[in-house]
There are 2 protein chains.
Amino acid sequence: MTLLNPHDPERLDGVRDIPDATVARLPVYLRALAALADRGLTLCSSNDLAAAAGVNPAKLRKDLSYLGSYGTRGVGYDIEFLRYHVARALGQTQDWDVVIVGVGRLGSALSEYRGFSSRGIRIAALVDSDPAKVGTTVAGMTVAPMEDLPALVREHGVAIAVIATPGEDAQDVADALVAAGITSILNFAPALVKVPDTVTVRKVDLSIELQILAYHEQRVRGVAG
Amino acid sequence: MTLLNPHDPERLDGVRDIPDATVARLPVYLRALAALADRGLTLCSSNDLAAAAGVNPAKLRKDLSYLGSYGTRGVGYDIEFLRYHVARALGQTQDWDVVIVGVGRLGSALSEYRGFSSRGIRIAALVDSDPAKVGTTVAGMTVAPMEDLPALVREHGVAIAVIATPGEDAQDVADALVAAGITSILNFAPALVKVPDTVTVRKVDLSIELQILAYHEQRVRGVAG
DNA sequence: CCTTGTGAAGCTGTTCACAGCC
DNA sequence: GGCTGTGAACAGCTTCACAAGG
């Protein structure tokens, strides 16, 4: 049975409403907690953890307060205890199977990335529309054709997919993913994909990141001469 | 001579203060404008462009208003004219040379990515600390040792670097980059890097993106059963 | 006395709705 | 009449500063 305190926005199903900005930082906190634990620490203050995570201590405390009250006033946070509760809030009590669509350079790099597993992420399948790639082995997995998507999604209970195709294929892939029952998509293709609003899409665009940095460079150059 | 209107926050050096959120969307608008131009259009309304970029029309107009007044009331925007001005605001009147540190799978994938060049980004050099990789050819370039960084930065006038190393090397690499004169860093390593505040760092963390999606999945699963 | 947890203030970003202009 | 540009309202996020509590 879950403990409920009166000012707590916990819902009946045990899911709290955590602000987006906070959710995006929880994985950072988790990593910082792991780093502190690796140093042999068992306890930390919000100052310690905020420093390790690169955020303002007040922001850290406010973020953690959305999960519950897991610290001790005058003392700090028990690192393992907090780790457990942050992981739980993120849904890391289970592993999440992910399918990667597109085994070009980026897709292959992602497939072989070690570091997902300790974060509750498991690459369950690779898919590509190119017949020349189907059947080849990447990261120890056999690349499946697009037609297999619905079966793969069903069998593995996959909910999350990564699009690592050229931009022009992204919308077709997204449509296929949605049709196969995927409800969360991480899109690396440099293109906007449209999906029903039951599906969450996050976008990572490498060119855009560099263009933003170029903007700031230009700014300081303009001032400096 | 630059035109100045009274309510305009333009500064003497011609550099305006554009909100961060707007800067992050300008590359998206640029891509959307390119897509409209490819369709043979020469003119578009804020509705058209907002739809192509996946944003609210009011937000688009407000964003563009920070650059200046480049539309025509009752008519819309001249696509080429607006493209030029958005590109200019982003600093794309020149190409920006970028150095990539770390030619593992991700670094190699980035090196060979076509699509940077049309966005004013040029991969100028590859660097790796692993002697086994130094001297090899990746994406048509010879991988240089870390010791060459200062010279490379000086010779090419590089201001922007990408860290594509394992997390444990990221801080050392960042220190070397800062020492070599780099002032903007895109960090793909799953680690926090500390730099002087004269240096801008942006972070792309693949695990974190997937963890955020997993959170949302867990949320809907909790409700759905 | 120390550190958490949190109202309240302040800031940034988004959206609305309409004045201004073609 | 139609579409842009923008003040004003609103929503969300960050920071402050302090009460609460070990």
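Sequence lines set the chain letters: A, B, ... in the order given, protein chains first and strands last, and positions in each chain run from 1.
Residue A:S69 places at least one side-chain N or O under 4.0 Å from the OP1 or OP2 atom of C:dG5. An OP1 or OP2 oxygen of C:dG5 is reached within less than 4.0 angstrom by a side-chain nitrogen or oxygen of A:Y77.
The CG atom of A:L49 sits 12 Å away from the P atom of C:dG5 (whole-angstrom rounding). The separation between A:D63 atom CG and C:dT6 atom P is 13 Å, rounded to whole Å. A straight line from CG of A:D20 to P of C:dT14 spans 13 Å, rounded to a whole angstrom. Taking atom CG of B:L67 as the reference point, atom P of D:dT4 lies 15 Å away to the nearest angstrom. Nucleotide C:dT14 holds its C1' atom 15 Å from the CG atom of B:L64, rounded to whole Å. For the pair A:F81 CZ and C:dT4 C1', the computed distance is 14 Å after rounding to whole Å. The distance from atom CG of A:L60 to atom P of C:dT3 is 14 Å, rounded to the nearest whole Å. Rounding to whole angstrom units, NE2 of residue B:H85 and C1' of D:dG5 are separated by 16 Å.
Residue B:N47 is classed as having no contact, given no heavy-atom separation below 4.0 Å to the nucleic acid.
Nucleotides of DNA chain D nearest to A:R25 and B:S46 differ in position, and the one nearer the 5' end is that of B:S46.
A donor-acceptor contact shorter than 3.5 Å links the side chain of B:D48 to the backbone of B:S45.
With A:D205 as reference, B:R31 is the one residue of B:R119, B:R202, B:R31 to meet the salt bridge (charged side-chain N to carboxylate O under 4.0 Å, His left out) rule. Checking B:K59, B:R61, B:K62 one by one against B:S46, the side chain to side chain donor-acceptor pair (under 3.5 Å) holds for a single residue, B:R61.
More than 12 heavy-atom neighbours from other residues, nucleotides or ligands sit within 6.0 angstrom of OH on A:Y113.
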Mark up nucleotides 15-22 of chain C, 5' to 3', with B wherever a protein heavy atom is under 4.0 angstrom from a base atom, S wherever such an atom reaches only the sugar-phosphate, and - elsewhere. BBB-BBBB
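Looking at heavy atoms from C-beta onward, B:L82 lies in side-chain contact with B:L49 at the 4.5 angstrom threshold.
The minimum heavy-atom distance linking B:Q92 with B:S118 is given by the pair OE1-O, 4.4 Å.
Aromatic ring pairs are classed by plane angle as parallel below 30°, tilted from 30° to 60° and perpendicular above 60°; the pair A:F81 and A:Y70 is perpendicular.
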